[in-house]
Amino acid sequence: MIVPQRIRRSPVAGRSDARIVIAREEGTSLTAHSGRRAPLGDARALFDLPEHVAYFNTANMSPMLRAVADAGIAGVRSRAAPWTITAEDWFSDVERLRSRVATLMDATPDAIALVPSTSYGLAIAARNVPLEPGDHIMVLAEEYPSNYYTWSHAADMADASVVQAVREPGQSWTDAVLGLIDERTAVVAVPNVHWTDGSVVDLEAIGAGARAVDAAVVVDASQSLGAMPLDLAGVDPDFVVSVGYKWLLGPFSVGYLYVADRHQRGQPIEHNWILRQGAEDFARLVDYTDEYQPGARRYDVGQRTNFGLVPMAIAAVDQLIAWSIPTVSDRLAVTCDALRRDIAAVGLDVPAPTAVGPHMFGVNLPPHRAGAVLDRLGDAGVIASIRGASLRISPHLHTTNADIDRLVSTLRSAV
Ligand SMILES: Cc1ncc(COP(=O)(O)O)c(C=O)c1O
């Protein structure tokens, strides 16, 4: 059952009558181990998702939480009345968001920069890791293009090379990467799960392997942050970047870059006024300074004060904090277990739970049937993605048993 946890003013403080209900599910502290578990789809009412849609496409973009949509509408209304916006408002929600994200990641607010995209965060990482001619930058084979292109450009600039880790049959990504790390490795740029099929990468093992040769670790967590715990202390990454619109349930254009303390005095990729020390004093902006705002704020994107989007991102992160990432992860694991069991019964190959993240997985389809299967699913109101020859299934806490039945019965008739 969904119970309102607390009601608070719109994040654009004090200027709107809109109220945002942040909800918590009764029993979310009960995990898979407790014996009592909320039924699948218990949180569906929190999402703006019609009954006839069975949505398994969070890895593409999440459906929107009602609280996030409400915050966006209130934010746009607030922007429509600029005479009510004070100088302080340019900073207050941005800092609120930064500290909420820090809470979610178990980091300090100073370690978080607000970035519009993964590629922006990766560009900051590429600008700040030392690269020498002959160095290797390791990525996974079939890596997401933003990660591949960023590093191939950085390699070109430094006369270094991108090395793609390819898995042998039956091999894990972790072993494929560890097998290629040597003294030439300068950067290991990996996700926590492969974006095409959720196959898992052990970041702690890779962090240890990279540290042994003094290589930097850069994590694209766009397909995992919000749905999988990430132990920053255990991995010790140099940078972690994530979009906000997938597993973090927020809007487009508000993403997050975690920056390890050792890189917080580095070079930003743009030189925006608001990132400089004293920017709060609008009357003295032309007293130019070489000093920056503290910590990772120097890497924030210009115009980060987006009065429409930032309140949405706060509402989304607040909901995840209220649920807690371990709870979300446990519950998605239960959903994915149920999905795999029923899909295997149709005769399709599903991965072992240990081979994939708790929240998403790929089902290999006969390649000549993949397009037709996707069409049949679409006709039945079942939304998923095809990546390569793999049907990528990525549910969330809105997923009900009826959604699973609809996906599985359509697959049964379509393959
Ligand atoms: C692994 C991964 N990284 C990044 C992105 C998005 O990249 P960008 O923010 O550069 O558009 C996606 C989108 O699907 C993704 O799956």
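Because the structure is predicted, anything quoted here is derived from the model rather than measured. Both counts, for ligands and for their atoms, begin at 1 and track the order of listing.
Note that CG of Asp403 and CG of Leu49 are 7.5 Å apart. Values are rounded to the nearest 0.5 Å. The distance from atom NE2 of His359 to atom CD1 of Ile393, rounded to the nearest 0.5 Å, is 13.5 Å. The line from CG of Asn272 to CZ of Arg297 is 15.0 Å long, rounded to the nearest 0.5 Å.
The 4.0 Å heavy-atom shell around ligand 1 contains residues Ser117, Thr118, Ser119, Tyr144, Ser146, Trp195, Asp220, Ser222, Gln223, Val243, Tyr245, Lys246, ordered by chain and number.
Of the N and O atoms on the side chains of Asp110 and Thr108, not one donor lies less than 3.5 Å from an acceptor on the other residue.
Contacts of Asp349 classified as salt bridge (charged side-chain N to carboxylate O under 4.0 Å, His left out), with partners at least two apart in sequence or in another chain: none.
Phe282 and Trp273 have their aromatic ring centers within a separation under 6.0 angstrom.
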